Peer 1: 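Got a structure for you, questions after.
The structure displayed is predicted, hence computed values, not measured ones. These values consider heavy atoms only, across backbone and side chains, with no hydrogens, waters or symmetry-generated copies.
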Amino acid sequence: MTTTSQVRTRGRLMLNKVPEVTVYFWIIKILCTTVGESFADYINETLGFGLTNTTLAFSAALVVAMVLQFRLNRYVPSVYWLTVVLISVVGTLLTDNLTDARGVPLWLSTTVFSVLLALVFGIWYARERTLSIHSIVTIPREAFYWLTVLVTFALGTATGDWTLELTGWSPGASIMLPLGLIAAVLVAWRLGAGPVLSFWLAYILTRPLGANIGDYLASDRSEGGLGLGTFGTSLLFLGTILGVVVYLTVTETDRTERAVAVEA
């Protein structure tokens, strides 16, 4: 458990708004990234909503989830992870719109989102003097946090798709690269690398990992996948996310308690 920290905010008591980083955090994060890939493809392509309509629908749903999230004064697993699921879909669609609708090359999308992420981190740190997720106890910090999450999903999508474009790997083989890089980040953290840097590197890398897992499960067997389809994959992972979130809600395993002083 972390120690209690006091931060003055506008008129209400806020506890840390994000979960503790446990194995459950990473499990749900990877599941969410897979859903972001497979569910967006299912709505867009299989149901024929089209890229624009799918983007508008999920963006509207994300706005509603964000309003709920910001109105809370503590971490609530169901609302938090619903927001992550929706932001994963929207982040994926941002890159897909640039690539498919605008014809922007993936290397350029990767570069743009990398620069944007660096800018967000720079402004966040300049204002708050920390990038730690253990201190999301004010509205500005939470805004920076969610903006960062959105950009990491878009960047992870562009980077993952660009890697597949360059390598031409099968869905199964494509899982190994982000998995290996995440393992390298874990080793570096164990050897003394900064926890904040290690966290955000792993957070970015779980996006292509989850997307590649989704592609592997959804792709036809003739293409090297398991043939579950985008609907089957989405249903499987959404059900798993729901089960883990219910467990966390009941047990409060991933809750941190950071009190914030009230200022009228």
Side-chain angles (χ1 to χ4, degrees), residues 1-7 9 14-33 36 69 74-77 80-81 83-84 87-88 91 110 113-157 159-160 177-211 213 241 244-245 247-248 251-260:
M1 240 352 177
T2 52
T3 58
T4 300
S5 66
Q6 292 189 341
V7 178
T9 188
M14 289 179 64
L15 301 177
N16 195 35
K17 296 289 294 291
V18 301
E20 186 62 84
V21 182
T22 65
V23 64
Y24 298 107
F25 178 92
W26 293 114
I27 289 173
I28 304 180
K29 171 60 167 61
I30 293 171
L31 294 174
C32 288
T33 62
Q69 171 66 22
R74 63 183 299 210
Y75 161 65
V76 176
Y80 175 88
W81 288 111
T83 305
V84 174
I87 213 168
S88 72
T110 300
F113 286 128
S114 296
V115 172
L116 182 58
L117 182 61
L119 287 173
V120 174
F121 275 140
I123 297 171
W124 181 0
Y125 186 80
R127 177 187 168 94
E128 304 294 335
R129 310 311 297 175
T130 179
L131 299 177
S132 173
I133 67 164
H134 294 111
S135 61
I136 308 300
V137 293
T138 67
I139 291 175
R141 289 184 184 183
E142 186 173 12
F144 280 120
Y145 173 80
W146 288 114
L147 180 58
T148 301
V149 170
L150 177 62
V151 177
T152 61
F153 273 111
L155 173 60
T157 301
T159 304
L177 178 58
L179 188 62
L181 291 174
I182 291 172
V185 171
L186 176 61
V187 170
W189 173 66
R190 288 289 190 181
L191 293 176
V196 174
L197 175 61
S198 299
F199 170 82
W200 285 114
L201 286 175
Y203 201 94
I204 294 169
L205 290 168
T206 53
R207 175 58 187 83
L209 173 62
I213 291 173
I241 291 171
V244 178
V245 168
Y247 170 78
L248 294 176
T251 63
E252 299 187 350
T253 301
D254 63 340
R255 178 161 294 152
T256 60
E257 301 296 342
R258 286 179 170 264
V260 181

Peer 1: If you round to the nearest 0.5 Å, how far is CD1 of Ile241 from CD1 of Ile30?
Peer 2: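 Atom-to-atom, Ile30:CD1 and Ile241:CD1 are 11.0 Å apart.
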Peer 1: Look at atom CH2 of Trp189 and say whether more than 12 heavy atoms of other residues, nucleotides or ligands are closer to it than 6.0 Å.
Peer 2: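 Atom CH2 in Trp189 is not crowded, with 12 or fewer foreign heavy atoms closer than 6.0 Å.
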Peer 1: Do Tyr24 and Val244 have side chains that approach each other closer than 4.5 Å (heavy atoms only, starting at C-beta)?
Peer 2: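 Yes, their side chains come closer than 4.5 Å.
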Peer 1: Test side chain to side chain contact (heavy atoms under 4.5 Å, CB included) on Val185 and Leu205; report intermediate values, then the result.
Peer 2: CA-CA 10 Å; Val185 171; Leu205 290 168; 4.0 Å; yes
Peer 1: Roughly how far, to the nearest 0.5 Å, is CG of Leu181 from OG1 of Thr206?
Peer 2: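 Answer rounded to 0.5 Å: 12.0 Å.
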Peer 1: Can you see which heavy atom on Asn16 is nearest to which on Ile136, and at what distance?
Peer 2: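 Of all heavy-atom pairs spanning Asn16 and Ile136, the closest is OD1-N, 2.9 Å.
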Peer 1: Has the side chain of Ser88 got a donor or acceptor atom that lies under 3.5 Å from a matching backbone atom of Thr33?
Peer 2: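 Side chain of Ser88 to backbone of Thr33: no pair is present.
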Peer 1: Spell out, as yes or no, whether a donor-acceptor pair under 3.5 Å connects the side chain of Lys17 to the backbone of Ser135.
Peer 2: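 No, Lys17 side chain to Ser135 backbone: no donor-acceptor pair under 3.5 Å.
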Peer 1: How far apart are the C-alpha atoms of Tyr145 and Val18, what are their side-chain angles, what is the distance that settles it, and do they pass the side chain to side chain contact (heavy atoms under 4.5 Å, CB included) test?
Peer 2: CA-CA 9 Å; Tyr145 173 80; Val18 301; 3.5 Å; yes
Peer 1: Would Trp26 and Phe199 count as a ring pair (Phe, Tyr, Trp, His ring centres under 6.0 Å) if you check the C-alpha gap in whole Å, the side-chain angles of each, and the deciding distance to 0.1 Å?
Peer 2: CA-CA 10 Å; Trp26 293 114; Phe199 170 82; 5.5 Å; yes
Peer 1: Taking the side chain as C-beta and beyond, is there a heavy-atom pair between Leu186 and Ile182 under 4.5 Å?
Peer 2: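 No, every pair of side-chain atoms sits at 4.5 Å or beyond.
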Peer 1: What donor-acceptor contacts under 3.5 angstrom involve side-chain atoms of residues 116-130, with partners at least two apart or in another chain?
Peer 2:
unit_1 : atom_1 : unit_2 : atom_2 : d
Trp124 : NE1    : Thr130 : O      : 3.3
Glu128 : OE1    : Arg141 : NE     : 2.8
Thr130 : OG1    : Ser132 : N      : 3.1

Peer 1: When you compare the side chain of Thr159 with that of Pro208, does any pair of heavy atoms fall below 4.5 Å?
Peer 2: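 With C-beta onward as the side chain, the pair stays apart.
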Peer 1: How many angstroms lie between atom CD1 of Ile133 and atom OH of Tyr203, to the nearest 0.5 angstrom?
Peer 2: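 One gets 8.5 Å once the value is rounded to the nearest 0.5 Å.
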Peer 1: Taking only residues two or more places apart in sequence, or in another chain, which ones meet Tyr75 in a ring pair (Phe, Tyr, Trp, His ring centres under 6.0 Å)?
Peer 2: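 Testing Tyr75 for ring pair (Phe, Tyr, Trp, His ring centres under 6.0 Å), a comparison that skips the adjacent residues, returns Tyr80.
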Peer 1: Pairs of donor and acceptor atoms involving the side chains of residues 146-157, under 3.5 Å and at least two apart or interchain, shall be tabulated with distances.
Peer 2:
unit_1 : atom_1 : unit_2 : atom_2 : d
Trp146 : NE1    : Glu142 : OE2    : 3.3
Thr148 : OG1    : Phe144 : O      : 2.8
Thr152 : OG1    : Thr148 : O      : 3.3
Thr152 : OG1    : Val149 : O      : 2.6
Thr157 : OG1    : Phe153 : O      : 2.8
Thr157 : OG1    : Arg207 : NE     : 3.0
Thr157 : OG1    : Arg207 : NH2    : 2.9

Peer 1: Taking all non-hydrogen atoms of both residues into account, name the closest pair between Glu252 and Arg74 and its distance.
Peer 2: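 The answer is OE2-NH2, 4.5 Å.
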Peer 1: If every non-hydrogen atom of Thr251 is compared with every non-hydrogen atom of Thr253, which pair is closest and at what distance?
Peer 2: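 Closest pair (atom of Thr251, atom of Thr253, distance): OG1-OG1, 2.7 Å.
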